[in-house]
Number of protein chains: 2
Amino acid sequence: MTVRGVSATIEDYLKAIYDLGESGVKTQSLADALSVSAASVSGMLKKLSDLNLISYEKYRGTSLTPAGRRIALETLRHHRLIETYLAEALGYPWHDVHDEAERLEHVISEDFERRIADVLGHPDFDPHGDPIPQLDGSLPNPGGRPLTELPLGQVAQLRRITDQRREVLLYLEEQGLRPGETVRVVSHEPFGGPVTVAYGGKQLALAEALAGSLYAEVTGSLDTTSESA
Amino acid sequence: MTVRGVSATIEDYLKAIYDLGESGVKTQSLADALSVSAASVSGMLKKLSDLNLISYEKYRGTSLTPAGRRIALETLRHHRLIETYLAEALGYPWHDVHDEAERLEHVISEDFERRIADVLGHPDFDPHGDPIPQLDGSLPNPGGRPLTELPLGQVAQLRRITDQRREVLLYLEEQGLRPGETVRVVSHEPFGGPVTVAYGGKQLALAEALAGSLYAEVTGSLDTTSESA
DNA sequence: CCCGAGAATTAGCCATGCCTAAACCTTAAC
DNA sequence: GTTAAGGTTTAGGCATGGCTAATTCTCGGG
């Protein structure tokens with residue numbers, strides 16, 4: 001168990017429920033997210049319900065109680081602060097921070113949390129652009145829209161990548177596509193076709209699903225030239 | 001379980017066996033060190049023996065095999081590097097690093113270890129003056145002798161405090177007695193009497209047992225004036 | 001040499017979380 | 001409205017690591 005009186009496993013369940021949505025989280029999606037059998041999830045949901053961390057009606061899905069949400073957000077804050085610290089202070093590449101943070105998040109003290117937040121100047125976002133839950137439980141607004149929803153030719157700044165898979169992040173890194181980059185959507189083929197994005201003098205065609213996990217903020221509202229509209 | 005294929009519990013047992021001595025470590029001392037019942041220790045010793053991490057004859061005490069020692073040293077290296085990092089990079093006070101390191105040591109990757117070692121310039125000693133096991137398995141020579149064995153009046157530099165108790169470290173810190181300080185033993189009363197040490201313009205009388213856990217290195221071999229010999 | 005004290009081990013049990021297999025709901029299609 | 005499929009829960013186990021109580025061993029003193 002961790003510093004806060006619940007086990008690391010429980011923290012992982014609450015975190016997973018949190019980012020699977022506001023309510024009606026299904027057993028099977030949790031099982032998938034946690035790489036665990038549905039039966040195990042059922043057992044744990046019973047337990048979390050007894051602990052008043054989730055509300056749960058059998059066969060009906062689950063959602064966090066305020067107490068459960070609080071723990072989920074604290075854990076997420078740990079995770080994202082650690083990711084940021086690993087990148088900023090220890091020079092970790094972007095795509096390597098997740099796994100390390102996944103283990104560290106459960107064992108650091110509040111003191112540790114405070115100290116790295118101080119060193120980092122109380123950041124709002126982690127290296128993937130994900131918002132870091134604040135001490136008061138609020139979430140900074142991440143802003144931006146998925147590349148799939150950006151008008152063609154619109155110049156925008158890449159803000160966030162929500163895909164968590166290491167290989168995907170590694171690929172984007174290799175292609176030089178990371179938060180902060182200025183991008184422009186050149187084309188978006190219909191029927192699930194690829195999204196082509198221009199940035200830093202090159203173009204890249206992305207699967208639509210992947211493009212949907214990249215969020216960019218419109219900067220100057222300047223449209224541009226070339227093979228856009 | 002940790003990065004290295006054994007559980008955090010096993011790492012703790014091996015670490016405890018390691019610093020309880022070269023051989024013939026007794027069940028009860030392990031139980032005391034780990035705050036666990038002697039029965040639990042017996043069970044675990046059986047298991048560690050099956051894993052070839054210790055050699056163990058029932059009722060005869062135990063000692064580490066090379067494989068066990070390797071894991072103990074790796075864990076200790078983690079622990080002491082983390083302690084050093086917490087103090088140097090995050091401004092932890094001396095007496096707070098132990099508990100935090102105790103949890104972190106089991107979950108950091110080799111990558112993390114390498115990065116903090118780099119940042120710290122591959123130190124030989126942690127904030128308590130304990131030697132940090134090196135990558136090749138060697139231990140830097142800590143040097144120094146216990147204050148109880150220093151000739152009266154001998155000027156020496158405080159190198160190491162082996163007592164692990166937080167309250168004790170806090171006390172020494174409050175008294176300004178920390179590694180690096182120049183000290184001189186003023187008196188040592190017989191029959192377990194206190195050891196009085198002079199440093200930084202003040203004097204302090206320490207219990208003999210405590211004085212025995214403070215190690216100092218003779219610097220200039222100058223004896224001095226005043227109420228010495 | 002024997003005996004008792006104290007240390008160590010075994011026996012039997014508990015909690016946590018995981019698993020597979022079997023039973024059970026819910027729902028959508030007919 | 002019935003039914004079959006699929007998702008969910010229950011039943012029954014396993015591994016880890018802890019506990020207490022009972023047993024067994026070792027060793028020093030007589």
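Scope of the values below: all heavy atoms of this structure, side chains included, with no hydrogens, waters or symmetry mates. Sequence lines set the chain letters: A, B, ... in the order given, protein chains first and strands last, and positions in each chain run from 1.
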Atom-pair distance ([atom1] on [X]; [atom2] on [N]), nearest Å:
{"X": "Lys47(B)", "N": "dG18(D)", "atom1": "NZ", "atom2": "P", "result": "9 Å"}
{"X": "Tyr59(A)", "N": "dG6(D)", "atom1": "OH", "atom2": "P", "result": "17 Å"}
{"X": "Leu30(B)", "N": "dG17(D)", "atom1": "CG", "atom2": "P", "result": "15 Å"}
{"X": "Glu57(B)", "N": "dT26(D)", "atom1": "CD", "atom2": "C1'", "result": "14 Å"}
{"X": "Lys58(A)", "N": "dT8(D)", "atom1": "NZ", "atom2": "P", "result": "14 Å"}
{"X": "Leu45(B)", "N": "dT16(D)", "atom1": "CG", "atom2": "C1'", "result": "16 Å"}

Quiz item: Any cation-pi pair here, Arg115(B) with Tyr92(A), using under 6.0 Å and within 45°?
Solution: yes

Quiz item: Is the backbone N or O of Val107(B) less than 3.5 Å from a side-chain atom of Arg103(A), with the two atoms forming a donor-acceptor pair by type?
Solution: yes

Practice problem: Answer with base, sugar-phosphate or nothing: what part of the nucleic acid does Lys46(A) contact at a heavy-atom distance below 4.0 Å? | Solution: nothing

Exercise. For the helix from dC1(C)-dG30(D) to dC30(C)-dG1(D), measure the angle between the helix axis at one end and the axis at the other, each built from five pairs, rounding to 10°.
Key: 20°

Self-check item: Over all atoms of both residues, closest heavy-atom pair of Ser23(B) and Ser63(B)
Solution: CA-CB, 3.7 Å

Practice problem: Show your reasoning for whether side-chain hydrogen bond (donor to acceptor under 3.5 Å, both in side chains) applies to Glu208(A) and His188(A). | Solution: CA-CA 8 Å; Glu208(A) 188 179 51; His188(A) 184 178; 2.9 Å; yes

Regarding [X] and [Y], do their side chains bring together a donor and an acceptor under 3.5 Å, going by distance alone?
{"X": "His79(B)", "Y": "Glu83(B)", "value": "yes"}
{"X": "Asp111(B)", "Y": "Ser109(B)", "value": "no"}
{"X": "Ser55(B)", "Y": "Thr65(B)", "value": "no"}

Exercise. Evaluate salt bridge (Lys or Arg N to Asp or Glu O under 4.0 Å) for Arg70(B) paired with Glu74(B), printing each intermediate quantity in order.
Key: CA-CA 6 Å; Arg70(B) 219 200 69 240; Glu74(B) 279 177 16; 3.2 Å; yes

Quiz prompt | Residue met sooner reading DNA chain C from 5', once Gln28(B) and Arg60(A) are mapped to nucleotides | solution = Gln28(B)

Exercise. Please tell me if the side chains of His128(B) and Val97(B) come closer than 4.5 Å, counting only heavy atoms from C-beta onward.
Key: yes

Quiz item: Do Asp12(B) and His106(B) have side-chain heavy atoms sitting under 4.5 Å apart?
Solution: yes

Quiz item: Should Glu110(B) and Arg77(B) be marked as a salt bridge (Lys or Arg N to Asp or Glu O under 4.0 Å) after you check the CA-CA gap, both sets of side-chain angles, and the distance that decides it?
Solution: CA-CA 11 Å; Glu110(B) 295 307 301; Arg77(B) 174 171 167 83; over 6 Å; no

Self-check item: Side-chain N or O of Thr9(B) closer than 4.0 Å to phosphate OP1/OP2 of dG17(D)
Solution: yes

Exercise. Walking along DNA chain C from 5' to 3', note the first and the last nucleotide with an atom under 4.0 Å from a heavy atom of chain A, and give both.
Key: dT16(C) to dT26(C)

Quiz prompt | Near-strand residues of residues 35-44 of chain B, defined as heavy-atom separation under 4.0 angstrom from DNA chain D | solution = Val36(B), Ser37(B), Ala39(B), Ser40(B), Met44(B)

